[in-house]
Number of protein chains: 2
Amino acid sequence: MSTTQRKAKEKEELKELILQAAKNLFVEKGVEHTTMRNIADAIQYSVGTIYVYYKDKNAILYDLHSKGFQEFNNVMKVLMAVSDPMERLKALGRTYIKFATEHTDMYDLMFNMKAPIEFLCNAELDIWHQGKSTFNLLRTTVQECKDQGYFQHQDVEPLSFAIWGCVHGMCSLVIRQRVHNIGVSSPETIIEDGLEEFNRLVDRK
Amino acid sequence: MSTTQRKAKEKEELKELILQAAKNLFVEKGVEHTTMRNIADAIQYSVGTIYVYYKDKNAILYDLHSKGFQEFNNVMKVLMAVSDPMERLKALGRTYIKFATEHTDMYDLMFNMKAPIEFLCNAELDIWHQGKSTFNLLRTTVQECKDQGYFQHQDVEPLSFAIWGCVHGMCSLVIRQRVHNIGVSSPETIIEDGLEEFNRLVDRK
DNA sequence: CGAACTTATTGAACATTGTTCAATTTTTCA
DNA sequence: TGAAAAATTGAACAATGTTCAATAAGTTCG
């Protein structure tokens, strides 16, 4: 069976090679300015080969999207070690922003682009597990804050969504360039400053 | 001069015709699934004619984006009549969400899509006036809340940005389908519920 | 070893896009 | 009316995602 195993491994390796080449090109020149032929050239294979390993361009995008969430999830999960829930909540926000600003293109792909979700819908996967589990980290943390006397008379799930929305919204507005040239005093640090003020709203019993 | 005036008026009318046809098609089948030929067919002109009135597809998108902001601005400006600033702040949020959920495609174009901003950058317009003036409505309202004793020790500009981010983020997550199939209990009303909880965070002295 | 069979790879070909521009039609006005 | 100006056309182009018959490489077994 060693040959079939080796074959399978080689196939996986080539698939990974395609994925990484695609990622590099996407980061370098943007998703919509990267062609299938570009990817093929980068790995020194012909266009046709890519279609053996991926159904279409969206499939590559979805795979990248998945890998991104895996990593994102891991980064966030580490923070569950912070015992104080309010501290943890703040840390989740900081880490989220750090990820978004350091991996702009990945973040865009994960949270803004339509392609990966279209692929997901076409594939008829009715639950988006990765998104669900990341959101659960937040929901759990907010619940624990509530247990400690924060957020009295507040509903955990909608509140968690609002918090997620706030952090995501700030990142999204900056990434999608809706804050540039708008007359904001410090565009470089506006997200961090925004988070600081948001934390002040949240950290009250 | 009546002929030249009429000519100018006719040109404007045709430009508007193109714009409305484009908008209808965009709403109907999505921006990226609407072709220039589709727009031409809809208005019973040939493709070439469109290019007399618009430099390229992005120019149409930008024009639509501008018109959208004009309307958005008008809707929001009305709320400045609400004298109590905290009430006004909440009304701004509600109205923002209403606009976003009722004109999904327009909102997407205005706040998420890259094309209009790319056009803006290429045109070397260094200030995005419409975005600026809408943000100022929010900033002014937050400032007035502060004058009334809310948001003590908070910085108005970053706080305004955080508030904007929260509302935008929730809308964006829903529109871009990042909340579907995630296990949230009430996806239909999640934005409104989220806003309600956010308002509870904000409405404390 | 080598022939039959399986798998992997290729790249020309296709349909569809945004965009251009020389040719054609329509309008203007002295 | 007829020549100049303006408006409109649609075939043609380059670039894109995608397909698939043809080719090459690898595997198996007598």
Side-chain angles (χ1 to χ4, degrees), chain A residues 1-19 21-23 25-26 28-64 109 113-116 118-119 122-123, chain B residues 1-19 21-23 25-26 28-64 109 113-116 118-119 122-123:
Chain A
M1 290 298 127
S2 90
T3 55
T4 35
Q5 280 184 346
R6 179 173 51 79
K7 277 297 202 67
K9 197 178 169 187
E10 276 177 8
K11 285 204 82 163
E12 269 315 304
E13 279 174 2
L14 185 44
K15 195 168 183 179
E16 185 64 24
L17 189 67
I18 294 170
L19 202 67
K23 182 177 176 179
L25 287 168
F26 289 164
E28 195 184 315
K29 35 193 269 180
V31 170
E32 50 264 21
H33 296 125
T34 307
T35 72
M36 291 303 221
R37 287 171 182 82
N38 284 341
I39 300 171
D41 287 351
I43 59 171
Q44 314 235 54
Y45 275 83
S46 95
V47 226
T49 306
I50 298 180
Y51 285 87
V52 176
Y53 296 86
Y54 284 102
K55 186 180 146 285
D56 53 23
K57 201 181 179 185
N58 278 2
I60 301 179
L61 256 33
Y62 177 72
D63 214 351
L64 232 36
L109 187 62
M113 289 194 53
K114 290 176 177 175
E118 269 173 19
F119 182 85
N122 289 341
Chain B
M1 290 300 128
S2 90
T3 55
T4 34
Q5 279 183 347
R6 180 171 51 78
K7 277 297 202 64
K9 198 179 168 188
E10 278 176 8
K11 287 204 80 163
E12 271 313 303
E13 279 174 2
L14 185 45
K15 194 168 183 179
E16 186 63 25
L17 190 66
I18 294 170
L19 202 65
K23 182 178 175 178
L25 287 169
F26 289 165
E28 194 183 315
K29 33 193 269 180
V31 170
E32 50 266 18
H33 296 124
T34 307
T35 72
M36 290 303 219
R37 287 169 182 83
N38 285 342
I39 300 172
D41 287 352
I43 60 172
Q44 314 236 54
Y45 276 82
S46 93
V47 226
T49 307
I50 297 179
Y51 285 88
V52 176
Y53 296 87
Y54 285 102
K55 190 181 143 284
D56 54 23
K57 200 180 180 185
N58 278 2
I60 301 179
L61 257 31
Y62 177 72
D63 214 351
L64 231 36
L109 186 62
M113 289 194 54
K114 290 176 178 174
E118 269 173 18
F119 182 86
N122 289 341

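Proteins come first, then strands; the chains are lettered A, B, ... in the order of their sequence lines, and each starts at number 1.
- The distance between atom CD1 of Ile50(B) and atom P of dT8(D), rounded to the nearest whole Å, is 12 Å.
- Under 4.0 angstrom from either OP1 or OP2 of dT8(D) there lies at least one side-chain N or O belonging to Tyr53(B).
- At the heavy-atom level, Ile60(A) lies nowhere under 4.0 Å from the strands shown.
- The side chain of Asp56(B) has dT19(C) as its nearest neighbour among dT9(C), dG18(C), dT19(C).
- Applying the 4.0 Å criterion to OP1 and OP2 of dT18(D), one finds that Tyr51(A) has a side-chain N or O inside that range.
- Rounded to an integer number of Å, the gap from Tyr54(A) OH to dG17(D) C1' is 17 Å.
- With hydrogens and angles ignored, the 3.5 Å screen pairs a side-chain donor or acceptor of Thr34(B) with a backbone N or O of Gly30(B).
- For Val52(A), whose side chain is taken as the heavy atoms from C-beta onward, the closest listed nucleotide among dT19(C), dT9(C), dA7(D) is dT9(C).
- Closest to the side chain of Thr35(B), from the set dA7(D), dT10(C), dT17(C), is dT17(C).
- Close to dT9(C), at under 4.0 Å from its OP1 or OP2, lies no side-chain N or O of Thr49(A).
- Between the CG atom in Leu14(A) and the CG atom in Leu19(A) there is a gap of 11.0 Å [rounded to 0.5 Å].
- In this structure, OH on Tyr53(A) lies 14.0 Å from CG on Asp63(A), to the nearest 0.5 angstrom.
- Here the P atom of nucleotide dG17(D) and the NZ atom of Lys55(A) are 14 Å apart, to the nearest Å.
- Annotation: Gln44(A), atom CD; neighbour count of heavy atoms from other residues, nucleotides and ligands within 6.0 Å does not exceed 12.
- Listed nucleotides: dA8(C), dT19(C), dT18(D). Nearest to the side chain of Met36(A): dT18(D).
- Comparing Asn38(A) and Gly48(A) along DNA chain D, the residue whose closest nucleotide (by nearest heavy atom) sits nearer the 5' end is Asn38(A).
- Atoms CG (Leu14(B)) and P (dA7(D)) sit 10 Å apart, rounded to a whole Å.
- To the nearest angstrom, C1' of dT9(C) lies 12 Å from CD1 of Ile18(A).
- Rounded to whole angstrom, the span from the CD atom of Glu32(B) across to the C1' atom of dT16(C) amounts to 15 Å.
- Listed nucleotides dT9(D), dA7(D), dT17(C) differ in distance to Ser46(B); the shortest reach to its side chain belongs to dT9(D).
- The side chain of Val47(B) has dT19(C) as its nearest neighbour among dT19(C), dT9(D), dT18(D).
- Atom NZ in Lys15(A) sits about 13 Å away from atom P in dA8(C), given to the nearest Å.
- A 6.0 Å sphere centred on NZ of Lys57(B) holds more than 12 heavy atoms belonging to other residues, nucleotides or ligands.
- Distance, Asn58(A) CG to dT18(D) C1': 13 Å, rounded to whole Å.
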